[in-house]
Amino acid sequence: MHDIRFIRANPEAFDAALARRGIEPRSRILLDLDAARREAVRVAESNQAHRNELSRDIGIALKAGDRDKVADLKAMVARIADAASMNLPDFRTKELEAALAFDPNILDPDVPEGRDETANVVLNQHGTPATIANARQHFELGEALGLMDFEAATRLSGSRFVVLKGALARLERALGQWMLNTQTGANGYTEVAPPYLVNAATAFGTGQLPKFEEDLFKTGDKYLIPTAEVPLTNLVAQQIIPEPTEPLRFTALTPCFRSEAGSAGRDTRGMLRQHQFQKVEMVSITRPEDSAAEHERMTACAEAILTELGLTWRRMLLCAGDTGFGAAKTYDLEVWLPGQQAWREISSCSNCHDFQARRMNARFKRGKDSIFVHTLNGSGVAVGRALIAVMETHQQPDGSISIPEPLRPFMGGIEKISST
RNA sequence: GGACAGGUGGCGGAGUGGUCGAUCGCGUCGGUCUCGAAAACCGAAGUAGGUGCAAGCCUACCGUGGGUUCGAAUCCCACCCUGUCCGCCA
């Protein structure tokens with residue numbers, strides 16, 4: 001959410017910022033709405049002031065028993081204004097806020113120009129893409145092992161779900177546990193067990209609403225979280241917190257629910273794109289001057305996970321056209337999938353600056369000023385996709401999967417998953 | 001789900017139609033006093049919006065949204081939340 005005062009003062013800069021994302025100029029429309037709103041406020045408030053004054057006089061005249069004067073004053077009040085003009089400011093304000101709610105964040109100067117993912121920039125790479133003879137994809141491996149059942153999931157729920165069994169089910173749990181332990185341990189994040197259903201205000205705060213409602217599952221008046229970013233970031237919503245000289249760091253292992261509207265036909269095989277998956281999420285709340293450094297730190301926390309799992313990965317800086325609605329700057333981590341012979345996103349770490357903080361009114365006090373916090377979020381990392389990457393990367397010629405060292409304590413000590 | 005009770009400024013707690021943005025206490029900040037501190041005393045202090053170069057002025061805000069009224073923290077309606085009891089339940 002943008003500060004209308006910023007747009008008022010810098011309309012060209014605002015439009016230029018939108019243009020980087022390929023969006024038509026908006027300042028004219030917004031400023032017209034703003035002007036209409038302020039005019040309505042001016043009129044209504046002066047009417048209000050006048051009425052308040054007359055009402056006070058009525059009270060005084062009433063005490064004095066001057067019935068004629070009371071009648072005169074009441075007649076004057078009746079002439080001031082109709083209800084419509086008194087309600088106009090509210091209407092105009094909502095109009096402006098509704099318009100503002102659809103405008104994406106302003107990009108950080110570091111973000112490269114570009115329309116789509118082809119313009120993303122590789123910043124660094126760990127390992128080299130392996131070519132495995134007769135490499136199989138994760139679903140081929142999983143089904144051959146008899147531990148991954150898409151047909152059962154379809155019967156139970158429909159497309160884009162999976163049933164994991166035995167050692168693969170445990171491997172998923174092991175990944176989640178180990179990642180969460182890593183983030184809460186050396187990386188200093190506070191573990192949170194948040195609700196998986198949130199209200200509309202919460203979904204608005206992080207930017208899922210109003211623009212992306214169709215991407216969410218809804219039950220009753222609540223939304224299923226598409227990521228733990230939503231409840232974790234909103235922990236500071238509507239709050240004035242003490243100045244966070246050290247960033248607040250939250251992490252959670254949660255299921256994530258995504259309707260995948262608009263993804264029909266994409267990644268339909270396997271468990272790459274599901275309606276439900278597990279993810280360890282990291283969220284940081286910082287002062288404005290600390291967010292850039294925190295962004296690097298957070299991304300490094302995610303990278304370390306991939307490295308320790310023995311995966312090949314690279315860090316991408318997303319270009320203007322590929323950076324998400326609420327983000328000012330985003331690093332994607334892509335992991336190499338030997339079975340699929342492709343790089344696939346496994347983590348996304350974003351600095352949202354004060355964009356979400358404005359939407360959810362999250363501030364800290366410094367002297368007499370209340371300052372909007374900066375919010376950051378990153379996957380640390382997506383468990384479902386990590387499972388895929390581990391399977392494809394550590395597959396053996398016989399179709400078994402060797403388990404990365406750090407996960408073995410969580411797997412009852414076994415070193416590989418095989419059908420025998 | 002049902003029945004009561006209640007939601008007021010950082011906290012506690014008054015206020016049931018007329019200068020109430022709101023008595024008072026605690027806490028906070030500034031000052032006086034003191035070698036220094038405590039105590040005591042004096043004073044300051046909410047948020048948002050509009051307007052103005054500024055000092056300032058104006059408007060709104062007593063859970064949320066409507067309504068009644070010239071005027072609502074106070075009356076009416078709906079909803080949300082909290083507490084207690086009952087029912088149900090992992």
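By convention in this document, chain letters (A, B, ...) are assigned in the order of the sequence lines, proteins followed by strands, and residues within each chain are numbered from 1.
When distances run from any side-chain atom of A/Q48 to the nucleotides B/rG66, B/rG18, B/rU59, the shortest one goes to B/rU59. Of the listed nucleotides (B/rU19, B/rG49, B/rG18), B/rU19 has the atom at the smallest distance from the side chain of A/R56. Counting only heavy atoms from C-beta on, A/A49 has its side chain closest to B/rC58 among B/rC58, B/rG49, B/rG50. Closest to the side chain of A/N52, out of B/rG71, B/rG50, B/rA60, is B/rA60. Distance from the side chain of A/D90 is smallest for B/rG66 among the nucleotides B/rG71, B/rA48, B/rG66.
In this structure, B/rA78 and B/rU64 make a Watson-Crick or G-U wobble pair, each of the two defining distances being under 3.5 angstrom. In a base pair of the Watson-Crick type (N1 to N3 plus N6-O4 or O6-N4) or a G-U wobble (N1-O2 and O6-N3), with each distance short of 3.5 Å, B/rC41 is matched with B/rG31. The partner of B/rC24 is B/rG12, judged by Watson-Crick or G-U wobble contacts that both fall below 3.5 Å. In this structure, B/rG49 forms a base pair with B/rC58, meeting either the Watson-Crick or the G-U wobble geometry with both donor-acceptor distances under 3.5 Å. Figure legend. B/rC85 is base-paired to B/rG2; pairs are counted as Watson-Crick or G-U wobble with both atom distances under 3.5 Å. Pairing of B/rC70, defined by two Watson-Crick or G-U wobble distances under 3.5 Å, is identified with B/rG18.
Going from atom CG of A/L88 over to atom P of B/rU59 covers 19 Å, rounded to whole Å. Between A/K74 atom NZ and B/rG71 atom P there is a gap of 9 Å when expressed in whole angstrom units. Atom CD in A/Q238 sits roughly 17 Å away from atom P in B/rG63 (whole-Å rounding). Protein atom CG of A/L54 is 11 Å distant from nucleotide atom P of B/rG71, rounded to whole Å. Here the P atom of nucleotide B/rC80 and the CG atom of A/D221 are 9 Å apart, to the nearest Å. Between the P atom of B/rG10 and the CD atom of A/Q239 lies a distance of 12 Å, rounded to the nearest Å. Taking atom CG on A/N47 and atom C1' on B/rC70, their separation rounds to 14 Å, with Å as the unit. Atom CZ of A/F364 and atom P of B/rU47 are 16 Å apart (whole Å).
Atom name P, nucleotides B/rA38 and B/rU32: the rounded distance is 13 Å, in whole Å. Rounded to the nearest Å, the gap between the P atom of B/rA22 and that of B/rA44 is 13 Å. Taking atom P in both B/rA37 and B/rC29, the straight-line distance is 14 Å, to the nearest Å. Nucleotides B/rA73 and B/rU23 place their P atoms 14 Å apart, quoted to the nearest Å. Nucleotides B/rC58 and B/rG21 are separated by 14 Å at their C1' atoms, to the nearest Å. Distance noted for atom C1' between B/rG10 and B/rA5: 26 Å (whole Å). Straight-line distance between the P atoms of B/rG6 and B/rU59: roughly 33 Å, to the nearest whole Å. Between the C1' atoms of B/rU82 and B/rG66, the separation comes to 23 Å (whole Å).
A/R8 comes within contact range of the sugar-phosphate backbone alone, with a heavy-atom separation under 4.0 Å but no base atom that close. Residue A/D57 is out of contact with every strand shown, counting any heavy-atom pair closer than 4.0 Å. At the heavy-atom level, A/K69 lies nowhere under 4.0 Å from the strands shown. A/L62 comes within 4.0 angstrom of a nucleotide base, judged by non-hydrogen atoms across all strands. Within the 4.0 angstrom heavy-atom criterion, no nucleotide atom of any strand lies near A/L73. Counting non-hydrogen atoms under 4.0 angstrom, A/R37 reaches the backbone sugars and phosphates but no base.
A/Q395 places a side-chain N or O within donor-acceptor distance of the main-chain N or O of A/R136, the cut-off being under 3.5 Å.
Note on A/K365: a side-chain N or O is less than 4.0 Å away from OP1 or OP2 of B/rU47. For the pair A/R5 and B/rG49, the criterion of a side-chain N or O lying under 4.0 Å from OP1 or OP2 is met. Distances shown here put every side-chain N or O of A/R38 at or beyond 4.0 Å from the OP1 or OP2 atom of B/rG49.
Using a 4.0 Å cut-off between a side-chain N of Lys or Arg and a carboxylate O of Asp or Glu, A/R273 and A/E260 qualify as a salt bridge. The pair A/K94-A/E97 does not count as a salt bridge, with every side-chain nitrogen at least 4.0 angstrom from each carboxylate oxygen.
Between A/I60 and A/R363, the residue anchored nearer the 5' end of RNA chain B, judged by the nucleotide with its closest heavy atom, is A/I60. Residue A/H50 is the one, among A/H50 and A/I58, whose nearest nucleotide of RNA chain B lies closer to the 5' end (criterion: closest heavy atom).
A/F355 has its ring centre less than 6.0 Å from the ring centre of A/F325.
Screening A/N187, A/N351, A/L376 for a side chain to side chain contact (heavy atoms under 4.5 Å, CB included) with A/M298, the sole residue that qualifies is A/L376. Evaluated for a side chain to side chain contact (heavy atoms under 4.5 Å, CB included) with A/I225, the options A/T202, A/V198, A/L197 yield exactly one hit, A/V198.
The closest side-chain heavy-atom distance from A/E415 to A/I403 is not below 4.5 Å.
Between the CD atom of A/E294 and the CD1 atom of A/I285 there is a distance of 10.0 Å, given to the nearest 0.5 Å.
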